[in-house]
Peer 1: 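Below are the structure tokens for one structure; questions will follow.
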Amino acid sequence: MMVRLAFVVLFCGLNMLKELIQLYNQRIRYLLDFTNVEEWALYITSVIFAVPYFFNRLDHYQWECGAIAVFLAWFNLLLLIQRFDVFGIYVVMFLEILKTLLQVLVVFFILIVAFGLAFYILLSQEENKAFSSLGISIFQSTVMMLGEMDSINSFIQPLYDDDQHTLHFGNLTIFFVMLFVLFVPILLMNLLIGLAVGDINSVQRNASLKRLAMQVEHHTNLERKLPQKLLEHVDKTELVIHPNRCKGFLIMLKTSLSGDGAKNDVYFSGSSCQNHMIDEVNKQKRRLKDISATLDKQYELLRLVVQKMEIRTEADDRDEGVPTKSDFLYQVRRNVGWPSNRFHKTVRQATMMTRWQRTTSKEDQEKECKDRTNESDQTD
């Protein structure tokens, strides 16, 4: 017995030392993790339960600490299971439903307190002492939320025992009981069940993703808990290789026995990857050439269709002396003034070039159209 208690104290002491090292490394992040607080409570209550046995003392608080330590130990085991692939998703479901339950109860605890106060005022003098004090009344209302009403002994029998001291406010008490049954066991419990089922469906849909996120978070927490000096030796931002450095006898022997296959594999893998990239680039170039040729053919076809249908554009109908928005002269007149003779000369040259380009393009189009019509006549 004493050996087991000594082992418990030693184990708790080593774990408390580990927690102190983690507190020194993580600083404020350590206090934000709930599991660290839970582990401290577990180790402290275990030591308080075990140490008085060495002095042959059995106190009242000792057994209370023992009960808390046993509960926290098994609850900590439940939190550790959530990191496993097979059983972890069920623990995640349990924790998600627990969060939802606590959030809902924080809001609807006001309703339970309201009924508890009402029952305390109406039933505080009853013989069963179920609502004898304010705390007991709220506790009894919470138990009644689960369906544990005991309506015969608490309400029906005192109402018809012909005693004025028991259930003095009978009608009002029955009204509050019916109101409690409608609000809490029916509405509130069904709301909790619906929220729990919704959370389970969402967790099941994202089960694999949540498990991976838990594993990543666990690994990052482990890295944070390790000493910084150890991480500096393990984590490397760069890797330096000296291929021409003299090697040991065993390494040279292994290289000679295995041959240069590994090096050749590395070289050919790199060269094959490079050749594959070159082939892909050439394929893309050929595709671009085919696309450009197709576009040129489509452009020629559309131009011939326009000529055959004698469709005239706005550029054909406008006067040659009036510049359009795409002309250089129009942009100059819009944005700037006429500052010098040199600028006048530049503008005239640009205007003459644009007119010459239009005339030559028109002549070429007419000539090409005549050639195509002649060829079509000859074929006919």
Side-chain angles (χ1 to χ4, degrees), residues 4-51 61-109 142 146 189 192-228 230-231 234:
R4 296 176 183 176
L5 293 175
F7 177 75
V8 170
V9 173
L10 180 61
F11 179 77
C12 292
L14 293 176
N15 282 279
M16 292 170 71
L17 181 61
K18 181 197 71 173
E19 296 294 330
L20 289 174
I21 295 173
Q22 293 179 5
L23 177 61
Y24 176 76
N25 292 328
Q26 300 180 11
R27 306 298 172 86
I28 193 65
R29 293 194 306 252
Y30 180 84
L31 300 176
L32 299 177
D33 193 356
F34 171 75
T35 57
N36 295 325
V37 180
E38 188 263 338
E39 288 177 356
W40 272 105
L42 170 62
Y43 301 144
I44 292 174
T45 52
S46 299
V47 171
I48 293 175
F49 175 75
V51 167
Y61 67 88
Q62 179 182 356
W63 295 100
E64 294 177 349
C65 292
I68 296 172
V70 169
F71 171 76
L72 292 177
W74 287 96
F75 187 76
N76 191 21
L77 178 62
L78 182 66
L79 295 179
L80 292 176
I81 291 175
Q82 67 177 338
R83 300 189 180 100
F84 293 94
D85 294 338
V86 180
F87 308 104
I89 187 61
Y90 302 110
V91 182
V92 172
M93 291 180 187
F94 172 77
L95 295 177
E96 291 294 331
I97 296 171
L98 180 62
K99 291 179 183 178
T100 305
L101 176 64
L102 293 177
Q103 291 174 359
V104 174
L105 286 182
V106 166
V107 178
F108 289 99
F109 186 72
T142 306
L146 302 176
M189 292 304 295
L192 292 176
I193 293 171
L195 293 174
V197 171
D199 290 339
I200 288 176
N201 291 331
S202 63
V203 170
Q204 285 180 346
R205 271 190 259 106
N206 302 322
S208 60
L209 186 61
K210 270 188 169 294
R211 187 167 59 247
L212 291 174
M214 287 164 48
Q215 291 177 357
V216 171
E217 185 178 0
H218 176 60
H219 289 305
T220 53
N221 290 332
L222 286 178
E223 289 183 357
R224 290 174 182 174
K225 293 176 182 179
L226 291 175
Q228 189 65 29
L230 180 61
L231 292 177
V234 175

Peer 1: Test of understanding: with side chain to side chain contact (heavy atoms under 4.5 Å, CB included), list the residues that count as partners of K18, not counting sequence neighbours.
Peer 2: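 Per chain and number, K18 pairs via side chain to side chain contact (heavy atoms under 4.5 Å, CB included) with N15, Q22.
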Peer 1: Tell me, with the steps shown, if N76 and T35 meet side chain to side chain contact (heavy atoms under 4.5 Å, CB included).
Peer 2: CA-CA 8 Å; N76 191 21; T35 57; 5.7 Å; no
Peer 1: Please identify each residue that fulfils side chain to side chain donor-acceptor pair (under 3.5 Å) with W40, with sequence neighbours left out.
Peer 2: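 Side chain to side chain donor-acceptor pair (under 3.5 Å) check on W40 returns Y30.
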Peer 1: Mind checking ring pair (Phe, Tyr, Trp, His ring centres under 6.0 Å) for Y43 and listing every partner two or more places apart, or none if nothing turns up?
Peer 2: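 Y43 satisfies ring pair (Phe, Tyr, Trp, His ring centres under 6.0 Å) with no other residue.
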Peer 1: Could you grab the distance from atom CD1 of I97 to atom CD1 of I193, nearest 0.5 Å is fine?
Peer 2: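 Here the interatomic distance stands at 11.0 Å.
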Peer 1: Within the structure provided, determine whether L146 and M189 are in side-chain contact (heavy-atom separation under 4.5 Å).
Peer 2: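 L146 vs M189: side chains touch.
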Peer 1: Around atom OH of Y24, are there more than 12 heavy atoms from other residues, nucleotides or ligands closer than 6.0 Å?
Peer 2: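 No, not enclosed.
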Peer 1: If you measure from CD on E39 to CG on L79, what distance do you get to the nearest 0.5 Å?
Peer 2: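 Answer rounded to 0.5 Å: 9.0 Å.
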Peer 1: In chain order, what residues pass the side chain to side chain contact (heavy atoms under 4.5 Å, CB included) check against L77, with sequence neighbours excluded?
Peer 2: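 Scan of L77 (side chain to side chain contact (heavy atoms under 4.5 Å, CB included), adjacent residues dropped) gives W74, I81.
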Peer 1: Write down the atom of T45, the atom of C65, and the distance for their closest heavy-atom approach.
Peer 2: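 Shortest heavy-atom separation between T45 and C65 comes out as CB-O, 3.6 Å.
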Peer 1: When you compare the side chain of L31 with that of N36, does any pair of heavy atoms fall below 4.5 Å?
Peer 2: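 Sidechains of L31 and N36: no contact.
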Peer 1: Measure the spacing between CD of E19 and CD1 of I21 and express it to the nearest 0.5 Å.
Peer 2: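 Here the interatomic distance stands at 10.0 Å.
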Peer 1: Who are the side chain to side chain donor-acceptor pair (under 3.5 Å) partners of E38, not counting sequence neighbours?
Peer 2: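 With neighbours one apart ignored, the set is empty.
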Peer 1: Pick from I68, V37, V70, L72: which one makes a side chain to side chain contact (heavy atoms under 4.5 Å, CB included) with L42?
Peer 2: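 The side chain to side chain contact (heavy atoms under 4.5 Å, CB included) with L42 is passed solely by L72 among I68, V37, V70, L72.
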Peer 1: If you round to the nearest 0.5 Å, how far is CD of Q103 from CG of L98?
Peer 2: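 It is 10.0 Å, given to the nearest 0.5 Å.
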Peer 1: Return the set of residues passing side chain to side chain contact (heavy atoms under 4.5 Å, CB included) with L78 (not counting sequence neighbours), or none when no residue passes.
Peer 2: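 Only F75, V91, F94 meet the side chain to side chain contact (heavy atoms under 4.5 Å, CB included) criterion with L78.
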Peer 1: Using side-chain heavy atoms (C-beta onward) and a distance below 4.5 Å, is V47 in contact with V8?
Peer 2: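 They are not in contact (no side-chain heavy atoms under 4.5 Å apart), so the answer is no.
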